[in-house]
Amino acid sequence: MRLAIFASGRGSNFGALLRAKADGKLPAAEFVALVSDKETASALGIARENNIVAIHVSPKNFPTREAYEAEILKQLEPLKIEGICLAGYMRLVGKILLDAFPYRILNIHPALLPSFPGAHAHRDTLTYGAKISGCTVHFVDAGVDTGPIILQRSVPVLDDDTEDSLAARILIQEHQAYPEAVDLFTRNLLRVEGRRVIR
Ligand code: GAR
């Protein structure tokens, strides 16, 4: 399955997917393109180093989300993409992409959804005082981190955790969970029944 990764920053989850592929753990996945909304995203450099098409589209150059996403679709069109993995892509996905890839966009989120959706999951987890957190891989729908859950991994929240220490503990799990979910997805082993994802 030909995939595009969308990332806004560092790209460590993108890197983990590429390592899993190199290790033979993603037999059905082909990483064809990396799309970023941020020109300075390290993920773009990771793509170029790995001979993966690196695409930067700035939302600032478009009047609406629809126009921005239409430009992304136009650039992806010749690459015949069949699915999208959001990996630290810090924007809401709109109707244009959702309609083009129904139940074919995955996201990884650094909390146990439906708790702590949004852009500040670690801070919100600590502020709330939760004792367990983790990561969630889910299909993307029109809401903020609301789509059907594919898999989750948990980690303890420690009394002396900072946002950074909690994020680092969760990230280790993200780097295992995302390749595992992408493998299931690309081998067509996932079925969505209502809110439930059945393997
Ligand atoms: C990851 O922790 C990912 O779960 C999170 O951004 C980080 C990106 O790191 N995503 C979100 O918070 C989405 N709401 P990376 O660029 O090193 O993969």
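Every number for a ligand or one of its atoms is a count from 1 in the order of the listing. For the numbers below, each heavy atom of this structure counts, side chains included, while hydrogens, waters and symmetry mates do not.
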> Tell me, which protein residue and heavy-atom name are nearest atom 14 (N) of ligand 1, and how many Å apart are they?
Replying inline: H109 ND1, 3.3 Å
> Hey, are E77 and K74 close enough for a salt bridge, meaning a charged N less than 4.0 Å from a carboxylate O?
Replying inline: no
> With a 4.5 Å heavy-atom cut-off, do R199 and L190 have their side chains touching?
Replying inline: yes
> By number and element, which atoms of ligand 1 are closer than 4.0 Å to a non-hydrogen atom of G118?
Replying inline: 14 (N)
>> My understanding is that we take every heavy atom of each candidate and find the minimum distance to atom 18 (O) of ligand 1. Doing that for L92, N13, T136, L171, which one comes out nearest?
In response: N13
>> If we check side chain to side chain donor-acceptor pair (under 3.5 Å) with T136, which of these qualifies: Q152, H109, R153?
In response: Q152
>> Test your reading of the structure: does N107 have an N or O sitting under 3.5 Å from an N or O of ligand 1?
In response: no
>> Can you report which non-hydrogen protein atom sits closest to atom 9 (O) of ligand 1, along with the distance?
In response: R10 NH2, 3.1 Å
> Which residue owns the protein heavy atom closest to atom 5 (C) of ligand 1, what's the atom, and how far is it?
Replying inline: P110 CD, 3.8 Å
> Is H122 close to ligand 1, meaning an N/O of one under 3.5 Å from an N/O of the other?
Replying inline: no
> Does CD belonging to E193 count more than 12 external heavy atoms closer than 6.0 Å?
Replying inline: yes
> Nearest non-hydrogen atom to atom 15 (P) of ligand 1 belongs to which of S12, G88, A167, A177?
Replying inline: S12
> Is D23 paired with R19 through a side-chain N to carboxylate O contact shorter than 4.0 Å?
Replying inline: no
>> G11 versus ligand 1: do any nitrogen or oxygen atoms come within less than 3.5 Å of each other?
In response: yes
>> For atom 13 (C) of ligand 1, what's the nearest protein heavy-atom neighbour? Residue, atom name and distance, please.
In response: M90 SD, 3.7 Å
> So do F62 and E69 actually touch side chain to side chain, heavy atoms under 4.5 Å?
Replying inline: no
>> Please determine whether a side-chain nitrogen of the Lys or Arg among E30 and R2 lies less than 4.0 Å from a carboxylate oxygen of the Asp or Glu.
In response: yes
> By number and element, which atoms of ligand 1 are closer than 4.0 Å to a non-hydrogen atom of E174?
Replying inline: 1 (C), 2 (O), 3 (C), 4 (O)
> CG of L106 to CZ of F101: how many Å apart, nearest 0.5 Å?
Replying inline: 12.5 Å
